[in-house]
Amino acid sequence: MFDERKAQRVIRFIEALKHTKGEFHGKPFTLLPWQKKVISDVFGTMRDDYPDQRQYNTAYIEIPKKNGKSELGAAIALNMLCNDDEWKAEVYSCASDRQQAAIVFDVAVDMVKQSPALSKRVKIVPSVKRMVYQPTGSIYQVLSSEVATKHGLNVSACIFDELHTQPTRALYDVMTQGSGDARKQPLWFFLTTAGTDRNSICWEVHQKALDILEGRKADPRFYPVLFGLPDDADWQSEENWYKANPSLDQTISIEKVRDAYHKALETPADENMFRQLRLNQWVKQSIRWMPMEKWDECGGSIDLSALDGQACYAGLDLSSTSDLTCLVLVFPPAEPDGVYTVLPFFWLPEETLPLRVRRDHVMYDVWNRQGFIQTTEGNVVHYGHIEKFICSLGERYNIREIAYDRWNATMMVQTLQDDGFTMVPFGQGFKDMSPPTKELMRIVLEHKLNHGGHPILRWNMDNAYVRTDPAGNIKLDKEKSTEKVDGAVALVMAVDRAMKNMNGGSVYDYRDMLTLDW
């Protein structure tokens, strides 16, 4: 049964709040049609057997970014804190980490501060991300991501933001399995964009929502809302953009989406980000990265003599002792709009080369005869040989820094330091890899790179896949890249050091601050 009075009570409460961001700051929170329907259905639909209790205890709202998700979540949290007639209510914000969970909480804080009535009754404790509704002793609290500390909570409401970022189902299980049993009508409210991992808890809940909407399953306590395009829909159609974004031309302009679309046409990585974040499609997380026709357009001739004495930055991928090892030099342009010049060098153990040609069906032997790859004596990479070669390069070129994978460091790194080279440890996660990976794509698309047409580097670039995180950061994905990508990784590391130094980077980009004991 539907109770219009209960639905309107929540709608009136929310519309008495004010928006907190951008051009909408300070304006009344007038619910958009899709938001009003969600609120009416969740808070106005009552159980037939217990007419004073809500039918739905779980709402799953899957919607693209910039459709007012955080503002709606904050408004619902405040309603559950102050307007749900629950004594000593416990309302929580959850996400993949405390910072993400605090986004909804911080919006709620701004809403309280703009409301004289709430400001008198709500005490905000920003240091612990908590607010207290004093008339009922109810709390609204941001939870950290440590699962072990969540057992024993007496949940009356949980606002779960971006479920698709959960690395496991552990936090979901802790917050939903029995944590609200002592409450009359607890509510779990999930607000998320689509994800990329179809083996995740978010995909599991997404599938349940889809099954309910399409009649394959029935759960009277579960309220599903899915805004997004099917996998086979035309993602380039503006008409479909409106179907996926119910707040389009309200909280986000069509021009912003068009701008993102034009960027999506440039690379597969940007296309996947557009389809996931703007159209709510569950795209694959790992995608082939470099448009090779653009890469090939950057393969001009290189005058090696003109590089003598020039400053450059190196990326060193040592790999394993029996595998491909690579050093890439990047010479930054003398002018801001100039071209980066790339010199790659590759090594394999001499005794393993014939085996790799037969096993991997890669023409290492041809490349060796052509001088594109060198061999070192024995069946493992001879690091001493490579060290001497790098020292000879250092006599010819001004190698300012050499970046290397900190998780694959060997004695060679220490030896090169002893030889006078500045060795910079370089992480392989999103934090370190994303900026230079995106910068490399930019300079390729703008024809500001000259790689000389090196065939092994081209092969590595063609093999490269990238992985994207929820924030849109990218990194080369060695697991999904079934063939070698060593040269691509080394190139990204070298580009990073060139970027940092051209932009006035600091030594503390790659080592901690030193302390002195007195």
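This is a predicted model, so every value here is computed, not measured.
- Aromatic pair Phe189/Tyr56: ring centres not closer than 6.0 Å.
- Put simply, the side chain of Glu90 never gets that close to the backbone of Ser138: no donor and acceptor are under 3.5 Å apart.
- For the pair Glu86 and Arg183, the salt-bridge criterion is met [side-chain N within less than 4.0 Å of a carboxylate O].
- In this structure, the side chain of Ser115 engages the main chain of Leu118 through a donor-acceptor pair within 3.5 Å.
- Within a 6.0 Å radius of CD in Glu239, no more than 12 heavy atoms belonging to other residues, nucleotides or ligands are found.
- With hydrogens and angles disregarded, no donor-acceptor distance shorter than 3.5 Å links the side chain of Thr422 to the backbone of Glu401.
- Proximity of Ile11 to Lys36: side-chain heavy atoms (C-beta onward) are separated by under 4.5 Å at one or more points.
- By the 30° and 60° cut-offs, the orientation of the rings of Phe227 relative to Trp34 is perpendicular.
- Within a 6.0 Å radius of NZ in Lys438, other residues, nucleotides and ligands contribute more than 12 heavy atoms.
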With ring pair (Phe, Tyr, Trp, His ring centres under 6.0 Å) as the test, would you mind laying out the steps for Tyr172 and Phe190 before giving the verdict? CA-CA 10 Å; Tyr172 172 88; Phe190 297 90; 5.7 Å; yes

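- Gln141 contributes a side-chain N or O that, together with a main-chain N or O of Lys129, makes up a donor-acceptor pair within less than 3.5 Å.
- With sequence neighbours left out, Lys37 forms a salt bridge (charged side-chain N to carboxylate O under 4.0 Å, His left out) with Asp41.
- Two rings, from Tyr404 and Phe426, have their centers 6.0 Å or more apart.
- Contact of the Met441 side chain with the Pro291 side chain is registered, since non-hydrogen atoms from C-beta on lie closer than 4.5 Å.
- Annotation: side chain of Lys208 is in contact with side chain of Asp219 (closest heavy-atom distance under 4.5 Å).
- With respect to Asp3 and Arg9, no salt bridge is recorded, no charged nitrogen being found less than 4.0 Å from a carboxylate O.
- Taking the six-membered ring for Trp and thresholds of 30 and 60 degrees, Trp282 and Trp203 have ring planes more than 60 degrees apart, a perpendicular arrangement.
- For the residue pair Ile39 and Val10, the shortest heavy atom distance occurs at CG2-CG1, 3.6 Å.
- You'll find the side chain of Leu226 reaches within 4.5 Å of the side chain of Tyr60, heavy atoms only.
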Residues Asp231, Arg275; criterion salt bridge (charged side-chain N to carboxylate O under 4.0 Å, His left out); working and verdict: CA-CA 10 Å; Asp231 291 344; Arg275 295 174 69 171; over 6 Å; no

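- With hydrogens and angles left out, the side-chain atoms of Gln185 and Asn57 include no donor and acceptor closer than 3.5 Å.
- Donor-acceptor pairing under 3.5 Å is recorded for the side chains of Asn67 and Asn245.
- Around atom OH of Tyr50, no more than 12 heavy atoms belonging to other residues, nucleotides or ligands sit under 6.0 Å away.
- Between the side chains of Arg47 and Gln55, no donor-acceptor pair is found at a separation under 3.5 Å.
- Looking at Glu266 and Lys294, no side-chain N of the basic residue comes within less than 4.0 Å of a carboxylate O on the acidic one, giving no salt bridge.
- Put simply, the side chain of Glu162 reaches to within 4.5 Å of the side chain of Thr193, judged on heavy atoms.
- Taking CG from Asp486 and CG from Asp317, the interatomic distance works out to 4.5 Å, rounded to the nearest 0.5 Å.
- Remark: Met292 CE to Trp289 CH2 distance equals 10.0 Å, nearest 0.5 Å.
- Contact annotation: the side chain of Val122 never approaches that of Val132 to less than 4.5 Å [non-hydrogen atoms, C-beta and beyond].
- A ring-centre distance under 6.0 Å is not found for Tyr92 and Trp188.
- In this structure the side chain of Phe274 never reaches within 4.5 angstrom of the side chain of Lys263, judged on heavy atoms.
- Ile402 places none of its side-chain heavy atoms less than 4.5 Å from the side chain of Tyr313.
- Looking at Lys21 and Asp110, no side-chain N of the basic residue comes within less than 4.0 Å of a carboxylate O on the acidic one, giving no salt bridge.
- Within the model, atoms CD of Gln207 and NZ of Lys217 stand 8.0 Å from one another, a figure rounded to the nearest 0.5 Å.
- The number of heavy-atom neighbours closer than 6.0 Å to CD of Gln53, taken from other residues, nucleotides and ligands shown, is above 12.
- For the residue pair Glu71 and Thr20, a side-chain donor N or O sits within less than 3.5 Å of a side-chain acceptor on the partner.
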Salt bridge (charged side-chain N to carboxylate O under 4.0 Å, His left out) between Arg169 and Glu204, intermediate numbers included: CA-CA 10 Å; Arg169 62 177 301 132; Glu204 180 181 319; 2.7 Å; yes

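- Here the side chain of Gln114 pairs a donor or acceptor atom with the backbone of His19 at under 3.5 angstrom.
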Under the criterion salt bridge (charged side-chain N to carboxylate O under 4.0 Å, His left out), I'd like the reasoning laid out for Lys475 against Asp469: C-alpha separation, chi angles, the key distance, then a yes or no. CA-CA 9 Å; Lys475 67 173 183 176; Asp469 75 358; over 6 Å; no

